[in-house]
Amino acid sequence: MSNSVIVINDEKFETEVLKAEQPVLAYFWASWCGPCKLIAPSVDWVAANYSDRLKVVKMEIDPNPNTVKQYKVEGVPALRLFKNAEVVLSHEGAITKQTLIGLLDAHL
C-alpha cells in the first residue's frame with residue numbers, strides 16, 4: 001500500500017473511495033484556503049503512518065462539484081471517513097493532528 005496521499009477527482013471517486021477494500025479518509029481542500037495549508041501536513045502524516053489500515057485521498061473542491069455536492073462539503077478543509085462506501089466520520093474546519101488521530105483511532 002502506498003504511503004502517500006492520492007489526488008483524485010469526481011471521475012475517480014467511485015473507484016478510489018466507494019469501491020476501496022479498506023477505509024478511506026477523503027480530504028477536501030482548495031488552493032485559496034489558508035486552514036487547508038495548516039492541516040495538509042497532518043493529512044500527509046496520516047497517509048504515511050496509517051497506510052496499513054487506511055487509504056488517504058485528497059480532492060480539490062472547485063473543479064469537482066459533483067462529489068462536493070453529494071457529500072455536502074460546505075466548508076474547507078473538510079474530512080470524510082468512508083467505510084464500506086458509507087461516511088462514518090465527517091469534520092469541517094481546521095483540526096490538530098492529535099484531534100485527527102483521536103477521531104481516526106475511534107473509527108478504525
Side-chain angles (χ1 to χ4, degrees):
M1 176 54 58
S2 171
N3 62 356
S4 61
V5 178
I6 301 165
V7 177
I8 63 167
N9 56 26
D10 280 343
E11 290 73 35
K12 293 182 180 177
F13 190 83
E14 182 177 358
T15 302
E16 293 290 344
V17 178
L18 301 180
K19 292 183 177 177
E21 294 183 9
Q22 66 187 137
V24 180
L25 178 65
Y27 165 51
F28 296 89
W29 68 286
S31 59
W32 44 261
C33 167
C36 295
K37 293 175 179 72
L38 293 175
I39 73 161
S42 296
V43 173
D44 291 340
W45 185 91
V46 167
N49 290 277
Y50 281 63
S51 62
D52 59 330
R53 54 195 162 138
L54 179 70
K55 179 178 183 178
V56 180
V57 300
K58 73 186 238 181
M59 176 181 281
E60 190 171 2
I61 61 163
D62 293 327
N64 297 291
N66 298 335
T67 305
V68 167
K69 182 178 179 184
Q70 183 175 357
Y71 291 98
K72 298 175 176 60
V73 176
E74 296 177 355
V76 286
L79 299 167
R80 301 288 187 270
L81 180 62
F82 291 83
K83 280 173 118 175
N84 302 317
E86 296 292 322
V87 177
V88 296
L89 170 67
S90 179
H91 185 275
E92 293 191 9
I95 188 172
T96 66
K97 183 166 98 174
Q98 283 309 117
T99 302
L100 176 57
I101 291 166
L103 290 172
L104 292 174
D105 286 347
H107 288 86
L108 295 177

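Defined by atom type and a distance below 3.5 Å, a donor-acceptor pair is missing between the side-chain atoms of Tyr71 and Asn66.
In this structure, the side chains of Phe28 and Asn64 stay at 4.5 Å or more apart for every pair of heavy atoms. Using a 4.5 Å cut-off on side-chain heavy atoms (C-beta onward), Phe82 and Val17 make contact. Contact check for Ile61 versus Trp29: no side-chain heavy atoms found under the 4.5 Å cut-off. Annotation: side chain of Met59 is in contact with side chain of Asp10 (closest heavy-atom distance under 4.5 Å). In this structure, Val24 and Phe13 have side chains that are not in contact, with every pair of non-hydrogen atoms separated by 4.5 Å or more. The shortest side-chain heavy-atom distance between Tyr27 and Val46 does not fall under the 4.5 Å cut-off.
Between Ala47 and Ser4 the shortest heavy-atom distance is CB-C, 4.0 Å. Closest approach of Glu60 to Ala30, counting heavy atoms only: CG-CA, 4.4 Å. Shown here for His107 and Leu81, the closest heavy-atom pair between the two residues is CB-CD2, 3.5 Å.
Atoms NZ and CG, on Lys83 and Leu54 in that order, are 10.0 Å from each other to the nearest 0.5 Å. Remark: Leu79 CG to Lys58 NZ distance equals 12.5 Å, nearest 0.5 Å.
In summary, Glu92 and Lys72 do not engage in a salt bridge, as defined by a charged side-chain N under 4.0 Å from a carboxylate O. A salt bridge is defined here as a Lys NZ or Arg NE, NH1 or NH2 lying under 4.0 Å from an Asp or Glu carboxylate O, and Lys55 with Glu16 meets this definition.
No single ILVMFWY cluster, assembled from side-chain heavy atoms under 4.5 Å apart, contains both Leu38 and Leu100.
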Please assess Trp45 against Ile101 for the test side-chain contact (heavy atoms from CB on, under 4.5 Å), listing each intermediate value before the final yes or no.
CA-CA 10 Å; Trp45 185 91; Ile101 291 166; 3.4 Å; yes
